[in-house]
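Counting from 1, the numbers follow the sequence of the chain as shown.
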Amino acid sequence: MTVSPEVLTPSESVFKGIKDAGIDFIVSVPCANLKELIPMVDESPGILHLPVTREEEGVGICAGAYMGGKKTAMLMQNSGLGNSINALASLNQLYNIPLLMIMSHRGVEGEPIVAQVPMGELTSKLLDTMEIPYFMPEKDVDPADLIVRAWNTAAEQKTPVAVLLPIPFWRKQA
Ligand SMILES: O=CCS(=O)(=O)O
């Protein structure tokens with residue numbers, strides 16, 4: 001039975017995209033907006049999930065998992081991009097290793113924590129500077145399809161790719 005996208009919560013739709021893309025290795029650094037998604041990933045028998053303490057650690061672990069045949073993703077806050085720049089550049093981009101970064105995009109619309117704002121506003125500029133492709137929610141586009149498209153881009157271009165999902169995107173799961 002196909003569940004129509006409008007009956008899925010945002011986290012369920014992202015999780016559906018992860019499964020549809022065939023992603024089977026995920027590291028995570030928690031964020032309040034990922035509180036529904038991380039347990040879904042952790043409880044999925046088809047996904048090896050490894051919580052990590054810092055995003056650059058996750059970049060390295062995912063690179064190894066990819067070289068071992070896994071399709072990899074990292075669940076993170078966009079602020080973690082700042083912790084990952086060197087690893088993304090000197091490992092993934094140098095050796096053409098894909099990684100899907102599913103980012104809770106903090107510091108933009110609806111952000112209650114002022115400390116999140118600087119990186120929130122810098123994230124897309126940093127990704128542009130690093131020539132890392134990124135996707136954002138689009139009107140009438142199922143988030144699951146966005147995740148699949150992002151992973152396919154990472155796999156075809158052998159590059160890190162980000163999906164930026166701001167607070168209003170996650171808010172619907174209340
Ligand atoms: O990084 C901020 C902490 S929380 O809002 O994700 O709990």
Side-chain angles (χ1 to χ4, degrees), residues 11 13-31 33-34 37-38 40-42 44-108 118-138 141-166 169:
S11 293
S13 191
V14 171
F15 180 66
K16 181 179 183 297
I18 287 170
K19 300 292 283 183
D20 291 350
I23 292 169
D24 55 3
F25 188 94
I26 294 181
V27 298
S28 64
V29 181
C31 169
N33 294 325
L34 300 174
L37 180 57
I38 289 178
M40 292 176 194
V41 164
D42 197 53
S44 172
I47 296 173
L48 201 168
H49 171 230
L50 187 65
V52 293
T53 56
R54 189 174 165 89
E55 295 81 0
E56 66 186 328
E57 175 193 11
V59 171
I61 291 170
C62 284
Y66 174 77
M67 287 185 273
K70 296 292 187 182
K71 297 181 178 181
T72 62
M74 179 154 63
L75 308 182
M76 59 190 284
Q77 271 186 14
N78 63 295
S79 51
L81 175 64
N83 298 335
S84 312
I85 289 174
N86 179 47
L88 290 168
S90 62
L91 182 56
N92 292 72
Q93 291 181 307
L94 184 61
Y95 294 108
N96 303 312
I97 298 172
L99 171 64
L100 176 60
M101 297 181 284
I102 299 174
M103 296 186 182
S104 165
H105 190 186
R106 303 295 298 267
V108 288
M119 271 304 288
E121 294 175 345
L122 277 172
T123 294
S124 58
K125 296 170 190 164
L126 284 170
L127 291 167
D128 285 337
T129 299
M130 295 184 72
E131 298 180 342
I132 292 177
Y134 60 93
F135 296 81
M136 293 191 280
E138 299 168 30
V141 172
D142 180 355
D145 296 337
L146 194 69
I147 297 296
V148 172
R149 193 174 352 139
W151 168 255
N152 289 343
T153 300
E156 288 157 16
Q157 298 182 20
K158 296 196 178 307
T159 177
V161 169
V163 177
L164 303 181
L165 301 172
F169 170 84

How close do E56 and S84 get, heavy atom to heavy atom, and via which atoms? N-OG, 3.8 Å
Within a strict 4.5 Å, meaning less than it, do heavy atoms of the I102 and I18 side chains meet? yes
Least distance between heavy atoms, K71 atom then G22 atom: CD-O, 3.3 Å
How many angstroms lie between atom CD1 of I61 and atom NZ of K70, to the nearest 0.5 angstrom? 14.5 Å
For the backbone of G46 and the side chain of D24, can you confirm whether one donor and one acceptor N or O come within less than 3.5 Å of each other? no
Are L100 and V163 packed together at the side-chain level, in the sense that at least one heavy-atom pair is separated by less than 4.5 angstrom? yes
Spacing of L48 atom CG and I23 atom CD1 [to the nearest 0.5 Å]: 13.5 Å
State, with a plain yes or no, whether a side-chain heavy atom of Y134 is found less than 4.5 Å away from one of N78. no
Heavy-atom closest pair, residues V108 and G120: CG1-O, 3.6 Å
For the OG atom of S79 and the CG atom of L122, what is their distance to the nearest 0.5 Å? 12.0 Å
In Å, rounded to the nearest 0.5 Å, how long is the span from CZ of F135 to CG of L165? 12.0 Å
Here the pair of heavy atoms bringing I132 nearest to A162 is CG2-N, 4.3 Å
Do you know the tightest heavy-atom contact between P133 and T159? CD-OG1, 4.0 Å
Backbone of Q77 reached by a side-chain donor or acceptor of S104 within 3.5 Å: no
Contacts under 3.5 angstrom, residues 146-155 side chains, donor-acceptor by atom type, not counting sequence neighbours:
unit_1 : atom_1 : unit_2 : atom_2 : d
R149   : NH1    : E138   : OE2    : 3.1
N152   : ND2    : V148   : O      : 3.4
T153   : OG1    : R149   : O      : 2.9

What is the distance from atom CE of M103 to atom CE of M76, rounded to the nearest 0.5 Å? 4.0 Å
Once rounded to the nearest 0.5 Å, what's the spacing between atom CD1 of I38 and atom CZ of F15? 12.5 Å
Between L127 and L164, is any pair of side-chain heavy atoms under 4.5 Å apart? yes
Minimum side-chain heavy-atom gap V27-E57 below 4.5 Å: no
Heavy-atom side-chain contact between L81 and E55 under 4.5 Å: no
Atom CE of M40 with >12 non-hydrogen neighbours under 6.0 angstrom: yes
Side-chain contact, heavy-atom cut-off 4.5 Å: N33 with R106? yes
For residues L99 and M74, report the shortest heavy-atom separation together with the two atoms involved. CD1-N, 4.1 Å
For residues 85-97, dump all side-chain donor-acceptor pairs below 3.5 Å to protein atoms at least two apart in sequence or in another chain.
unit_1 : atom_1 : unit_2 : atom_2 : d
S90    : OG     : N86    : O      : 2.6
N92    : ND2    : I97    : O      : 3.0
Q93    : NE2    : M130   : O      : 2.8

